6 protein chains.
Amino acid sequence: MPRPDRRRANQLRTVKIVRRFTRYAGGSVLISLGHTQVLCTACLTPGVPGWMENQGSGWLTAEYNMLPSSTPERKRRDNRPGGRSQEIQRLIGRCLRAVVDLKQIGPNTIWIDCDVLQADGGTRTAAITGSYVALVDCLVSAGKQGLLAKDCKPLITAVAAASAGVVNGKVLLDLSYQEDCIADVDFNIVMTGAGKFVEIQGTAEQGTFDKQQLDKILNLARRGIGQLLKTQQQALAGK
Amino acid sequence: MPRPDRRRANQLRTVKIVRRFTRYAGGSVLISLGHTQVLCTACLTPGVPGWMENQGSGWLTAEYNMLPSSTPERKRRDNRPGGRSQEIQRLIGRCLRAVVDLKQIGPNTIWIDCDVLQADGGTRTAAITGSYVALVDCLVSAGKQGLLAKDCKPLITAVAAASAGVVNGKVLLDLSYQEDCIADVDFNIVMTGAGKFVEIQGTAEQGTFDKQQLDKILNLARRGIGQLLKTQQQALAGK
Amino acid sequence: MPRPDRRRANQLRTVKIVRRFTRYAGGSVLISLGHTQVLCTACLTPGVPGWMENQGSGWLTAEYNMLPSSTPERKRRDNRPGGRSQEIQRLIGRCLRAVVDLKQIGPNTIWIDCDVLQADGGTRTAAITGSYVALVDCLVSAGKQGLLAKDCKPLITAVAAASAGVVNGKVLLDLSYQEDCIADVDFNIVMTGAGKFVEIQGTAEQGTFDKQQLDKILNLARRGIGQLLKTQQQALAGK
Amino acid sequence: MPRPDRRRANQLRTVKIVRRFTRYAGGSVLISLGHTQVLCTACLTPGVPGWMENQGSGWLTAEYNMLPSSTPERKRRDNRPGGRSQEIQRLIGRCLRAVVDLKQIGPNTIWIDCDVLQADGGTRTAAITGSYVALVDCLVSAGKQGLLAKDCKPLITAVAAASAGVVNGKVLLDLSYQEDCIADVDFNIVMTGAGKFVEIQGTAEQGTFDKQQLDKILNLARRGIGQLLKTQQQALAGK
Amino acid sequence: MPRPDRRRANQLRTVKIVRRFTRYAGGSVLISLGHTQVLCTACLTPGVPGWMENQGSGWLTAEYNMLPSSTPERKRRDNRPGGRSQEIQRLIGRCLRAVVDLKQIGPNTIWIDCDVLQADGGTRTAAITGSYVALVDCLVSAGKQGLLAKDCKPLITAVAAASAGVVNGKVLLDLSYQEDCIADVDFNIVMTGAGKFVEIQGTAEQGTFDKQQLDKILNLARRGIGQLLKTQQQALAGK
Amino acid sequence: MPRPDRRRANQLRTVKIVRRFTRYAGGSVLISLGHTQVLCTACLTPGVPGWMENQGSGWLTAEYNMLPSSTPERKRRDNRPGGRSQEIQRLIGRCLRAVVDLKQIGPNTIWIDCDVLQADGGTRTAAITGSYVALVDCLVSAGKQGLLAKDCKPLITAVAAASAGVVNGKVLLDLSYQEDCIADVDFNIVMTGAGKFVEIQGTAEQGTFDKQQLDKILNLARRGIGQLLKTQQQALAGK
């Protein structure tokens, strides 16, 4: 049975990264992954949360939200982020902190905002991939404004993420929403530019999975993340 | 003293209306007014609020929100819409209800969502002007899907809005954020395609104003709204 | 068709202003406008909100609330002020700030509390008119207690407000609740003792309105506000 | 040491009960007890809370709130009733339910609203005493409107309440705020028209108390409540 | 008619006090009273609430919560403590503050946490009785850690509590849930080791009560509390 | 460097499972894993959430909470479960749903409540392991009460969970809190009685990890989970 959009099992959807989509945040990236579209912005503000004060280090935190019109059925605005949103924004924050040396940025906070304009599966992995680019732009911008020390090089490596899963017994890369709904197993995998894992989250939504399937999933994800890391570099190389 | 962007007193900023910006809502419009950018979507869902049930009529409601990255200083996400947001979304809802015959749409609710991507003054007037276009698209789309009766013509007329104010004693059309901050008087004016007023809201932020100034402001707004109504028609005439 | 209470089109309901209705706030006024009754209190406390600190200026803020028993059908207590209440309290605050030179009151906050005991239309305009009197008393009281400098004269002018609207095609002053419910157009107008406008808010609840109707409405309101300003002065002249 | 207002140990402050203070609730009473002033309203609405449905009985519930201007220092508006307010409104509800045969009122809810306009100690006992009068008026009004059966006599007896306490070792009736602040022991006692107890709540705010003191306190309270029951009857006998 | 568990009218259920039930709080007591089980912990932390600062005194506060599985029908988790929980935790706090000289503990706060594992009536009185033991252990532990001055003896006396009530016309000590549900009168009584009252709370849930019944209730409670005070001492005498 | 409690790298802490710890829930288990103690209860109630109605299937949901006294520093009570608690309770729910055939339990909801009495690392894995035992007891109890069909066998297999991680470069099973704080990599792994994975969650808290380390971690976890599954069976075999 072919995939709904005729992709091969190991094929990502079309990825596009548009930098400087809005003008006020230091980094502002619109990433699209097929129909999925996420606006990722990064800005640096002075000060750190209370529990971090006087530790000579900075902080990075992320927020994730879906616009009401981003889904086929209108989604109610959350007064408070629900369980799913909180889980995702905690994930995004952890993954980006993994590639930033927070001691180097001094007592500042980097805010990553991921607002989903259109949701067709893979919003959290697109958010991580796009936010990394926004983060790079934000750090450059903060450097130019003198908010960071001149020799400050807080970025350790790049980071990107992809989903993979088992659908009808077949291991597939980058699930669309339609595939995600019927997946037996669903993974989100985050890796650095150096080929190491930052996070692995896998759930058997229906049934279970074994070690062999896990290894196939990780291989597929590694391949997809490799491509995403290249797309990030190309976007950053553009003016 | 010239305006910061060299506009004449009676000149609007550049207006652009992009239809079908996202794909899930029946109507989805990105309106830009200079640097101000608002994503306006409209979708129709079955059912009405409890207090309206069994009245043989539909309902239209609006929500307004600014993305955290839409302002020069990052804006905290509201857990609940603050006083300003509530005032604005109530205004948007009233103005669009003024041009829809709600009895014609049956027991359905039209949701207008205005999410500000970039805020440089005039977000509420841009939201009204853009939402009208999204509303037209939404009604057409709902008709095609059979959610509305075939002969249903709920739109009474068009509606658009502009701001105007007094800055340094001079009456100006369409204030940017920079002008708005120092304005003595600040008006938002909403008019229909038939040249009638739907809403007038004017405040002397500093000082007061007299009848003569009011008349000048209304004249300027009428002229600007006329242009906006044309831009709406051109956008709707496009494919 | 005559008005339900036989008033002429340009006639206010009976206005009464009782000062010192309660004893703890510096100013405490029970204003009645026909059946509408609002308890308006003003008190001055040391300190200003965080965002205003160290600016050498004071602040004035207003809160508006309806008692559950104030309406024909019992109104649930709001856990949080709803959209309508927030809109009204923001309006009351703006209008009173328009007549106070906040720099003169030093780093203090004036709290205006408007609690509606009985609601028969016009609660927000009654609240503004009554709060001005409470404000005067509060400033005198604060002066006597030594909370303000001796030569402090923060009041610039008086302020009062009236509603007006179009009912069955006729322009009427000071709408009762019964009239308000069927009004085509509904205005709240706020003016100073010097005859200038502070705020104009007009909505076509049903249909629209034109410039000629607007001018009639403003004339009627000006006349009504003139009377209210006199009633305020008489109340303040009493012991 | 005499009491601050020269009262004898067993003397109540001046009590006044004004009926029909506002016009929309079936019962509306302004009770004053010295400087303490509470607006007590009662209204009957169809329906009962979900947990009571289909039991062939009605319900009575009470809400208690202090206006911001009711205290010498302005009290912040509660978004949610705090612990103290909840305790008090639960008490008021219990005490009034004790004298109403809820089966007789059918599937209706009686809402008692106690809004404190001025607080000088004894607000909860004043609220109970005043609410009883509002309740009587509400039941008569509901009978006239046909909301209750003709032969419905839900009132079992009257109910009133008084405070008493130990101040500087002396047992005193009806503590003012000033006395309450320095009381060693503080009681609220609620009794019926038939001379029985409905509720006794006594706390040693500082120190403790023994059986002998308790007996003195109860005697004093019984005497005071006897007077309050008379004042209720006189108010109800007035037109 | 005998009691459901064959107890005499003046007989407590079996009481057990287990100290050091958990290891992190300075005092941790599992008290059981028949099937009722409450985990009472006490811990001392530096600092006092804002309103108490710079008064050279400490503070003690209590929180009370029922686990969802503590009742025959699962109880929803409270997002905020409801009215009943707030009333109870305020009571627990007051009663323990009555036996602690807060000036002696310096600018520290003692947190009492009462989590009900199983509820069969009498949870609030068990919570008070158990918390006293936890408090003693907490003060000893804080002394050993050097958080309190060496010569600090903040405990004035012991405190314990019992319920009593009228069921089917008979005065009974220590009501189980089954008895509580059908009680006409329900009392909670708190006394010190010195035989004085700290708090009396009595309600006629159905009907009323007279002085003679009150005296019987108080006698029964005094007897029960005497036993509880002994059980506390025995537990504290154990290693 | 040896582990703080001298365990071998592949050694679990002492596990104890006490069934029927409380009496009201159908299943009530106190699981301890070293110092970590979690009370896991399961109860079945009629009805399903609104979004599941009329699908002929049941539901299982979990809630997770830490008591304030469960941690070395007292933890504030959450008014709302925070991000971490929500993440954990979503995980517990998913893992138990993986082993229950919800269609078999009819339109009922199973509530799993995990209340942490003492937290020393591994609370979420202990909660899953303990909740499975509570679930078995709850289903038996519901069967006896006739709430489930006689031939209903909803359990597909057992489920248990263990943590593992990398500390100072060494892969270790079942991290204590002290180890968790300094771990470079932290995994929670959930497996069924049939040896299949249900969930894998791994994070590089500091640094990253590679495939080889991942494989070691999974092997260690598989071994530990095997032991936990045996302990579950032993507990269930006990009376």
Side-chain angles (χ1 to χ4, degrees), chain A residues 51 61-64 73 79-95 97-99 101-102 156-159 166 184-215 217-219 221-222, chain F residues 51 61-64 73 79-95 97-99 101-102 156-159 166 184-215 217-219 221-222:
Chain A
W51 56 269
T61 188
E63 297 191 355
Y64 169 96
E73 294 211 13
N79 281 340
R80 295 220 185 190
R84 180 181 169 275
S85 288
Q86 288 208 31
E87 222 173 286
I88 294 175
Q89 67 193 21
R90 282 160 56 88
L91 168 68
I92 299 170
R94 276 198 310 271
C95 293
R97 284 194 295 274
V99 299
D101 181 354
L102 293 171
I156 301 165
T157 175
V159 66
V166 181
D184 300 312
V185 178
D186 181 19
F187 264 76
N188 291 293
I189 292 146
V190 188
M191 297 181 77
T192 66
K196 300 286 194 105
F197 292 104
V198 171
E199 183 116 5
I200 295 178
Q201 289 193 340
T203 309
E205 304 272 351
Q206 318 190 36
T208 55
F209 57 97
D210 58 25
K211 183 63 166 52
Q212 209 180 338
Q213 285 173 309
L214 170 64
D215 287 341
I217 286 165
L218 295 179
N219 272 333
R222 176 189 298 273
Chain F
W51 55 269
T61 187
E63 298 191 353
Y64 169 96
E73 295 211 10
N79 281 340
R80 295 220 187 192
R84 181 183 167 275
S85 287
Q86 288 210 31
E87 220 174 287
I88 294 176
Q89 66 194 22
R90 284 162 54 90
L91 167 67
I92 299 170
R94 275 198 310 271
C95 293
R97 283 195 296 273
V99 298
D101 181 354
L102 293 171
I156 300 165
T157 175
V159 66
V166 181
D184 300 312
V185 178
D186 181 19
F187 264 77
N188 291 293
I189 292 146
V190 188
M191 296 181 78
T192 66
K196 301 286 194 102
F197 292 106
V198 171
E199 182 115 7
I200 295 177
Q201 290 194 341
T203 308
E205 304 273 351
Q206 316 188 38
T208 55
F209 59 96
D210 58 25
K211 184 62 166 55
Q212 206 179 341
Q213 285 173 307
L214 170 63
D215 287 341
I217 286 166
L218 295 178
N219 272 332
R222 174 189 298 273

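Below, read A as the first sequence line, B as the second, and so on, with proteins coming before strands; counting in each chain starts at 1. Computed from a predicted model, the values in this text were never measured in an experiment.
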*When rounded to the nearest 0.5 angstrom, what is the spacing between CZ in F:F209 and CD in A:E199?*
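If we round to the nearest 0.5 Å, F:F209:CZ and A:E199:CD are 7.5 Å apart.
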
*Select, from F:Q213, F:K196, F:R97, the one with the greatest count of heavy-atom pairs under 4.5 Å involving chain A.*
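The residue among F:Q213, F:K196, F:R97 with the greatest pair count is F:K196.
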
*asked:* So which residue, F:G207, F:A204, F:A98, F:G195, ends up with the most heavy-atom pairs under 4.5 Å with chain A?
replied: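 Sorted descending by pairs with chain A, the first entry is F:A204.
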
Top contributor to chain F contacts, counting heavy-atom pairs under 4.5 Å, from [options]:
options: A:V185, A:D215, A:V99; value: A:D215
options: A:Q86, A:R90, A:Q201; value: A:R90
options: A:I200, A:I156, A:D210; value: A:I200
options: A:R84, A:R94, A:E87; value: A:E87

Chain F contact via [X] - side chain, backbone, both or neither, heavy atoms under 4.5 Å:
X: A:L91; result: neither
X: A:T192; result: side chain
X: A:L214; result: side chain

